[in-house]
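Right, one structure below, let's go through it.
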Amino acid sequence: MSNRQIGTTVLVIAMIIVAISVLFTNNLARTLQDEEKKNMSIWADATRQLILADNDADIDFVSSIIEKNTTIPVYICDENGKVLASRNVEGASDPQILKSSNQAHHGPIELKIDESTTQYIYWDDSSLLTKLRYVPYAQFALILIFITISVFVMTTAQRSEQNRLWVGLSKETAHQLGTPISSLNAWQQLLADQYPNDEYVPQMKRDIDRLQMIADRFQKIGSEPALQAENIIPVLQNAVAYMRARISNRVTIDDSCLSGVERVVMLNAPLLQWVVENLLKNAVDAISGNGSIVFQLHENEHDVMIDIADTGKGIDAKTQRRIFEPGFTSKERGWGLGLPLAKRIVEQYHGGKLLLKSSQTGVGTTFRIVLKKPENG
């Protein structure tokens, strides 16, 4: 299961927990609100008795009922909404008009003092009830924070595991290639001595050198490569020359923008050439029949940008989101490692960027490599 699927599953579970919590809390809040309404009816009746009590009446019990309300904000108002008295309300000592300021949520309960005088009791939710309404939101925030941290930890762990896999795979590949390359070198030298004029022996030497270069590249991937301030133009031209000799003449590569220019960046030449070759190979594979691949150079104060555009079949929107995922491929024969490895080389080893600049189905695709200039310019 991918991180995206895990994250979605956890989020759905969190939403279910929050929904259940909201329902339970709302039900509890309604119960508490009904209880407060009953208490206010009792409180209003006690207040009425206290107001109407004569001097000989025992008002201790009635007063105790009134005094027990220490949490519910209460207002006693006249017929015009003017506050005559209040309880558990901060800053309510000055005369004010309750209805105009919309301070209370509940009421009124009528207090019939006499035939000509009626007072009204309004009340607000207690602090406990108010806090209770915010509990689901607090739970949701905590769960959201937990999900964010969990996904971050899982992503970091997976990336770390992928890094270890890349390093192990690269070192093992370089190690496995070393023995047959050494043997091939010995056989090639023997053939060169015995057949000095054979036209195929030099070609064999070039192929062995190519294998050695590939092994060196894998070895560099397995360890942190050293970067140097170098002109990237020869690296690009070498990659183009290598691919031109191996592709159909129906596909043209326009690298005219590379002629007569110099762009110095921080790079490891063998690894960067591998990246460019990989992008060129993908571009060739995407072209059916006649087509072209065009290089473009851009730069700003800090970076050099190399655009590689092809007139191939393009990449649909769904595939675009996954092209840099290790193991994902849209080809019938492919491992899905080329672009992820290229991105790793550019971004993790060179501190640059490799991105899909644009792609349109049936029109073509443009990849962009961004590399840093030396700090001293």
* Asked: Are the side chain of Gln320 and the backbone N or O of Ile315 linked by a donor-acceptor pair below 3.5 Å?
  -> yes
Using a 4.5 Å side-chain heavy-atom cut-off and chaining through intermediate ILVMFWY residues, the residues clustered with Tyr200 come out as none
Between the OG atom in Ser86 and the OH atom in Tyr122, the distance rounded to the nearest 0.5 Å is 14.5 Å
**Request:** Evaluate the side-chain contact (heavy atoms from CB on, under 4.5 Å) criterion for residues Ile121 and Trp43: first the C-alpha distance (whole Å), next the side-chain angles of each, then the deciding distance (0.1 Å), finally the verdict.
**Result:** CA-CA 10 Å; Ile121 293 180; Trp43 193 89; 3.8 Å; yes
Should Ile287 and Ile323 be counted in the same cluster of Ile, Leu, Val, Met, Phe, Trp and Tyr side chains packed under 4.5 Å apart? yes
Do Asp303 and His298 have a side chain donor and acceptor closer than 3.5 Å? no
**Asked** Are side-chain N/O atoms of Asp193 and Gln189 paired as donor and acceptor at under 3.5 Å?
**Response** yes
Short N-O contact, Lys281 and Asp285, less than 4.0 angstrom = yes
_Taking NZ in Lys112 as the centre, count heavy atoms belonging to other residues, nucleotides or ligands within less than 6.0 Å. Is the count above 12?_
yes
Tightest non-hydrogen contact, residues Glu79 and Thr118, listed as CG-O, 3.4 Å
d(His106 NE2, Asp124 CG) to nearest 0.5 Å is 6.0 Å
The side chain to side chain donor-acceptor pair (under 3.5 Å) partners of Thr117 (sequence neighbours excluded) come to Asp114
TODO: Take Tyr349 and Leu271 through the side-chain contact (heavy atoms from CB on, under 4.5 Å) test and state the conclusion after the steps.
DONE: CA-CA 9 Å; Tyr349 290 165; Leu271 291 183; 4.0 Å; yes
Between the CG atom in Leu272 and the CD1 atom in Ile232, the distance rounded to the nearest 0.5 Å is 5.0 Å
Heavy-atom closest pair (Ile345 atom, His350 atom, distance to 0.1 Å) is O-ND1, 2.8 Å
Heavy-atom side-chain contact between Ile308 and Phe295 under 4.5 Å: yes
Path from Leu339 to Leu355 over hydrophobic side-chain contacts below 4.5 Å:
no
Contacts of Glu299 meeting side chain to side chain contact (heavy atoms under 4.5 Å, CB included) (sequence neighbours excluded), chain-then-number -> Arg263, Val304, Lys373
OG1 of Thr71 to CG of Asn88, rounded to nearest 0.5 Å, is 6.5 Å
Using a 4.5 Å side-chain heavy-atom cut-off and chaining through intermediate ILVMFWY residues, the residues clustered with Val294 come out as none
- Kindly indicate, with the supporting measurements, whether the criterion side-chain contact (heavy atoms from CB on, under 4.5 Å) is fulfilled by Ile306 and Val276. CA-CA 10 Å; Ile306 305 103; Val276 177; over 6 Å; no
All heavy atoms of Leu371 vs all of Ile369, minimum pair found to be CG-CG2, 3.9 Å
Output for pair (Glu199 CD, Met204 CE), nearest 0.5 Å, gives 12.5 Å
Sorted by chain and number, sequence neighbours left out, salt bridge (Lys or Arg N to Asp or Glu O under 4.0 Å) with Glu347 holds for Lys343
Of all heavy-atom pairs linking Gly314 and Thr365, the shortest is CA-OG1, 3.5 Å
Hits for side chain to side chain contact (heavy atoms under 4.5 Å, CB included) against Ala29, two or more places apart or cross-chain, chain-then-number order -> Leu129, Leu132, Arg133
On a heavy-atom basis, the closest approach of Ala269 and Leu267 is N-CD1, 3.2 Å
Exercise. Just wondering, do Ser292 and Asp254 contact through their side chains at under 4.5 Å, heavy atoms?
Worked result: no
Rounded to the nearest 0.5 Å, the CG atom of Asn39 sits from the CG atom of Leu32 at a distance of 9.0 Å
query: Do you reckon Leu190 sits in the same ILVMFWY cluster as Leu184, going by side-chain contacts under 4.5 Å, direct or chained?
result: no
Between Leu354 and Leu279, is a side-chain contact (heavy atoms from CB on, under 4.5 Å) present by the stated rule, with each step listed?
CA-CA 10 Å; Leu354 173 60; Leu279 293 177; 4.1 Å; yes
Correct closest heavy-atom pair for Leu84 and Cys77 would be CD1-C, 4.0 Å
Grouping ILVMFWY residues whenever side-chain heavy atoms fall under 4.5 Å, the cluster of Met266 otherwise contains Leu227
Gln203 meets the side chain to side chain contact (heavy atoms under 4.5 Å, CB included) criterion, sequence neighbours left out, with Arg206, Asp207
Across all chains, not counting sequence neighbours, the side chain to side chain donor-acceptor pair (under 3.5 Å) partners of Thr31 are none
The residue among Thr311, Thr252, Val284 that forms side-chain contact (heavy atoms from CB on, under 4.5 Å) with Ile293 is Val284
Ile181 reachable from Trp187 in the ILVMFWY side-chain graph, under 4.5 Å edges:
no
Residues at least two apart in sequence or cross-chain that pass salt bridge (Lys or Arg N to Asp or Glu O under 4.0 Å) with Lys357, listed by chain then number, are Asp307
Across all chains, not counting sequence neighbours, the salt bridge (Lys or Arg N to Asp or Glu O under 4.0 Å) partners of Lys205 are Asp209
Residue set satisfying salt bridge (Lys or Arg N to Asp or Glu O under 4.0 Å) with Arg244, at least two apart, ordered chain then number -> Asp255
TODO: Is it possible for you to say whether Val363 and Leu356 belong to one hydrophobic cluster, with membership spreading through side-chain heavy-atom contacts below 4.5 Å?
DONE: no
Any donor-acceptor pair under 3.5 Å from Asn238 side chain to Pro234 backbone | yes
